[in-house]
Q: 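One structure, pasted below without further comment.
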Amino acid sequence: MELLRNAVRPYAWGSRTAIPELLGSPVPAPHPQAELWLGAHPADPSVLMHADGAQTSLLEALRTDPYRHLGTRCAQRWGGRLPFLLKVLAAEEPLSLQAHPSAEQAAEGFAREEGRGVPRDAPERNYVDPSHKPELICALTELQALAGFRDPRRTVELLKALDVPALQPYRAMLAAEPNADGLRTLFTTWITMPETAMKAVLPGTLDACVALLRRDGVCGGDFRTPRGGDFRTPRGGDFRTECRVILELAETYPGDVGVLAALLLNHVVLASGEAMYLPAGNLHTYLRGTGVEISANSDNVLRGGLTSKHIDVPELLRVLDFSYGALPVQRGERVGLHETAYRTLAEEFQLTRLEWADGESTPVCLHSRWPQILLCTQGSAQLHSLDGGSVTVRRGGSVWLAAADPDVTLCPGPGPVQLFRALPGLAPLPAHPGPSSGSE
Ligand SMILES: [Zn+2]
């Protein structure tokens, strides 16, 4: 059981306040702080802070003693690597429009680029490791995203509402085939569009978004996220949010083909504590907000726009999943009196949230046997190990629990207290007989 020191990634889309506030550093930071990485990714591994003042890279510690840190099953299954990467992600501006490969696609793509001799740090390299990268994001603040293709019939309605003559052929294309094939055709047409063709479509589309927002009557009234419904997708004829998103994207990435492509995607709003799972092939981007993200320990990203980074459209098209419909929003499942789990099919990771309201103080026992990271996002907590060791973790702080460490008792400080717990998906979590908030 050791406290962790973690690296901050300064991508340009990052917030200057959210991560510094969490870490208790000066706000605003002089540069964007986009992601805090907790784990053992070779590009930026966390550091173990030992009680005697010594420090070891977690990556190095895993190399030296994989069985102690990961446990036999995990060490063998993932060849001595930590299977997950935990992040705090703080977006001030939209991220690139992206998708991640499946396990087979990643293995094949990695081997192909290795075979062609593309250096692993080359900007045009797509597959930096042979792993897939399913991911789950849990909102800490309201988090807005575009994720997955919207029902194409609904997109036809959106294009009708915009009523742009230059968009008419594309609307007809999708209306004739309102399914995954139609989406593939239209998305491929747009994403591969020559600049001249795009200049004929994009300005009119943006004007139409402005006009729709100004229009009274039909489109009047503010967009409200439907609560209690199954999905975070607006009903009825109101496309104000979609128009706002398109205009914001065009402002940040003028002339970018991703702006048009964004017309096809679901707009998702996660409230604090709500999560969304993004399987392989799901086209997505986060627009704004702060969340805790957990993914397989990979950096394989295929980009299609909204970025100055390398874009590889043919490769993106190879991995994209054109199935459509709103993505389910997870509220988690109770697995303990103070613990809620976000379950996915990924065997590399699972994420739980531990919470105590003000005045609650019941300790929780955390069984070891699996490698785990605890991240405190509110209040503080003390961890007592059965061998007598103890550490205090405060907001922004994190702890590494090795598989061979003894069990730990987690005692919340003065409330409210919140921690996230990352562990392999293979690790069994008990189902709690108490009331479950369920998942939508
Ligand atoms: Zn992603």
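Remember, it's 1-based here, ligands and their atoms both numbered in the order they're listed. Quick note: residue numbers are just sequence positions, from 1.
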Q: Report the relative orientation of the aromatic rings in F322 and F149; use parallel for angles under 30°, tilted for 30 to 60°, perpendicular for over 60°.
A: parallel
Q: Going by the angle between their ring planes, with limits at 30° and 60°, are H284 and Y286 parallel, tilted or perpendicular?
A: tilted
Q: Which protein N, O or S atoms lie under 2.8 Å from the Zn ion (ligand 1)?
A: Q98 OE1, H100 NE2, E135 OE2, H284 NE2
Q: Which atom pairs, donor and acceptor, lie under 3.5 Å between side-chain atoms of residues 80-95 and protein residues at least two apart or in another chain?
A:
from : atom 1 : to   : atom 2 : distance (Å)
R81  : NH2    : N297 : O      : 2.9
K87  : NZ     : E35  : OE1    : 3.4

Q: Would you please name every residue forming a side chain to side chain contact (heavy atoms under 4.5 Å, CB included) with V47, sequence neighbours left out?
A: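 Side chain to side chain contact (heavy atoms under 4.5 Å, CB included) check on V47 returns R5, M49, Q55.
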Q: Does K309 count as lying over the ring of Y11, i.e. NZ or CZ under 6.0 Å from the six-ring centre, within 45 degrees of the axis?
A: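 Satisfied, under 6.0 Å and within 45°.
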Q: Considering residues at least two apart in sequence or located in another chain, which fulfil the side chain to side chain donor-acceptor pair (under 3.5 Å) criterion with D256?
A: none
